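Keep in mind that the numbers below use all heavy atoms, side chains included, and drop hydrogens, waters and symmetry copies. Everything numeric here is computed off the predicted structure, so don't read it as measured data.
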Amino acid sequence: MQFELKHTADESKARAGRITTDHGVIETPIFMPVGTAGSVKGIHKRDLKEDIGAQIILGNTYHLYLRPGLSIIEQAGGLHKFNGWDGPILTDSGGYQVFSLGDIRKLSEEGAKFQSHIDGSAHLFTPENVMDTQRTIGADIMMAFDECTPGDAEYEYARKSMEMTQRWLDRCWNQFVKTSPKYGYSQSLFPIVQGAVYPDLRAKSAQSVLQYNADGYAIGGLSVGEPEKDMYAMIEVVNEILPENRPRYLMGVGTPVNILEGIDRGVDMFDCVMPTRNGRNGMLFTSKGIMNMRNKKWADDFSPVDPDGTSFVDHQYSRAFLRHLIIAGEMLGAQIASQHNLAFYLWLVKEARKHILDNTFKSWKEEMVRQLSVRL
RNA sequence: GGGGAGAUACCAAAGUGGCCAACUGGGUCUGACUGUAACUCAGAUGACGUACGUCUUCGUAGGUUCGAAUCCUGCUCUCCCCA
């Protein structure tokens with residue numbers, strides 16, 4: 001994997017770049033749709049690629065390991081062959097599940113023991129076997145196994161957690177270099193910076209991660225309950241330290257505004273379940289603001305879903321019809337909303353890239369941020 | 001014509017003397033959702049008031065009772081069975 005930094009915007013740290021993987025090119029800044037179980041919920045590959053314009057998608061180690069299981073994925077010849085997505089894939093390591101499944105897992109120096117959310121069976125995830133699993137899944141970008149520290153963690157907890165993530169990273173890296181790709185294309189491993197909302201911990205974590213000279217670096221443990229201003233502050237601290245010539249991935253973020261603020265602070269890659277999950281739950285993100293499609297005011301609005309939208313669903317269906325589908329619990333409603341949101345997210349980062357390249361990012365961003373917060 | 005059952009809030013449906021402005025579903029309204037245990041979750045849903053509360057409700061008109069959605073009587077309507 002290679003990263004080429006094309007341009008940094010005036011009056012901003014926003015960057016335009018290009019990542020080249022064996023499965024294709026990614027133009028940054030980029031938003032990566034989340035396909036936890038190997039599928040971006042409700043979205044066909046064709047729409048993902050041609051309508052939405054996704055350049056890379058996510059998968060999840062924990063979920064795929066549990067179901068369908070590694071044997072099936074290996075038999076298929078890796079996740080790309082299995083799900084038919086021939087572009088780049090990034091897999092999360094299960095580190096987020098250490099956070100989100102807090103009630104059904106036990107943490108130790110060795111790793112995290114999960115109680116499967118599917119059948120209750122016990123599974124030990126270690127930095128080593130998580131690397132092996134991601135080799136088997138065949139992700140173009142593998143993520144280090146970390147503890148995603150909760151946003152409200154006390155300093156001492158955050159320090160110990162961050163230090164353990166560091167030790168885990170070392171074990172990840174050893175296993176990574178000791179093993180080889182299984183399917184004939186190369187894989188990268190991204191370390192993850194932790195440290196909760198404490199600048200000194202973040203700085204320390206970012207410094208320590210540099211020793212691996214990785215192909216890219218991630219900022220984790222944000223948008224997990226901490227105030228937004230803390231999130232932005234941490235991004236600033238970390239990006240001051242991370243190398244210019246490597247992509248920076250802000251994990252799990254976020255709202256359209258979060259993404260623009262992240263780009264402004266020098267982040268290149270984002271992923272988030274919001275466009276799909278909130279879409280399924282009836283919320284639309286548009287360039288004019290947020291729409292809650294369950295609100296009655298859309299019931300007799302027969303205008304297009306989003307006249308400015310780039311997806312065919314934006315013009316094919318009316319707001320009234322989409323609202324009807326969502327209220328009626330029709331699958332198509334969730335699909336349309338998800339597809340619209342993803343197309344909007346991809347439009348947003350593409351637009352950001354354009355404005356970075358022609359040095360109009362800052363003013364464009366300010367105007368967009370104002371607009372995006374409006375509730376329609 | 002004879003026999004039986006029933007009428008409760010937008011709908012369905014509990015409640016059968018005080019803990020009932022009335023369980024529970026659905027519907028409706030409003031929120032929340034950030035490396036997906038999530039097409040999920042939370043709140044509201046007679047009126048007025050921020051609230052303690054006040055007022056009007058359980059087909060309808062009366063009655064019994066300290067007190068009635070609940071008991072009694074008349075009326076109206078609905079459904080089922082037999083002719």
Whole angstrom is fine here: how far is it from [atom1] in [X] over to [atom2] in [N]?
X: A:M283; N: B:G31; atom1: CE; atom2: C1'; answer: 9 Å
X: A:R277; N: B:G35; atom1: CZ; atom2: C1'; answer: 11 Å
X: A:I104; N: B:U36; atom1: CD1; atom2: P; answer: 14 Å
X: A:D92; N: B:U34; atom1: CG; atom2: C1'; answer: 13 Å
X: A:L376; N: B:G31; atom1: CG; atom2: C1'; answer: 17 Å
X: A:L260; N: B:U34; atom1: CG; atom2: C1'; answer: 15 Å
X: A:L64; N: B:U36; atom1: CG; atom2: C1'; answer: 12 Å

On the nucleotide [N], are OP1 or OP2 found under 4.0 Å from the side-chain N or O atoms that [X] carries?
X: A:N292; N: B:U30; value: no
X: A:S100; N: B:A37; value: yes
X: A:N278; N: B:A32; value: no
X: A:N281; N: B:G31; value: no
X: A:T36; N: B:U36; value: yes
X: A:Q97; N: B:G35; value: no
X: A:R280; N: B:A38; value: no
X: A:R375; N: B:A32; value: yes

Step through it carefully: locate the ring centre of [X], locate the ring centre of [Y], and say whether they are under 6.0 Å apart.
X: A:H117; Y: A:H63; answer: yes
X: A:Y198; Y: A:Y155; answer: yes
X: A:F114; Y: A:Y62; answer: yes
X: A:F270; Y: A:F31; answer: no
X: A:Y65; Y: A:F125; answer: yes

Is it true that A:Q194 and A:T165 share a donor-acceptor pair across their side chains at a distance under 3.5 Å?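 No.
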Between the base of B:U30 and the side chain of A:R294, is there a donor and acceptor pair under 3.5 angstrom?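 Such a pair is found, so the answer is yes.
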In whole Å, what separates the [atom1] atom of [N] from that of [M]?
N: B:A22; M: B:A68; atom1: C1'; value: 13 Å
N: B:A7; M: B:A13; atom1: P; value: 9 Å
N: B:G43; M: B:U24; atom1: P; value: 11 Å
N: B:U76; M: B:C41; atom1: P; value: 49 Å
N: B:G25; M: B:G18; atom1: C1'; value: 28 Å

Candidate nucleotides B:A37, B:U34, B:G35, ranked by approach to the side chain of A:V253 - the nearest: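 For A:V253, the side-chain atoms sit closest to B:U34.
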Please tell me which of the listed nucleotides, B:U28, B:G35, B:U34, lies nearest to the side chain of A:I327? B:U28
At 4.0 Å (heavy atoms only), tell me whether [X] reaches a base, stays on the sugar-phosphate, or touches nothing.
X: A:E226; answer: nothing
X: A:D103; answer: nothing
X: A:L90; answer: nothing
X: A:G279; answer: nothing
X: A:D271; answer: sugar-phosphate

Could you pick out which residue, A:L222 or A:M331, lies toward the 5' side of RNA chain B when each is mapped onto its nearest nucleotide?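 Closer to the 5' end of RNA chain B: A:L222.
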5′-ward residue of the pair A:E330/A:T276 relative to RNA chain B: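 Whichever sits nearer the 5' end wins; that is A:T276.
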Flag the pair A:Q371 / A:V374 as yes when at least one side-chain heavy-atom distance between them is below 4.5 Å, and no otherwise.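 Yes - at least one pair of side-chain heavy atoms lies under 4.5 Å apart.
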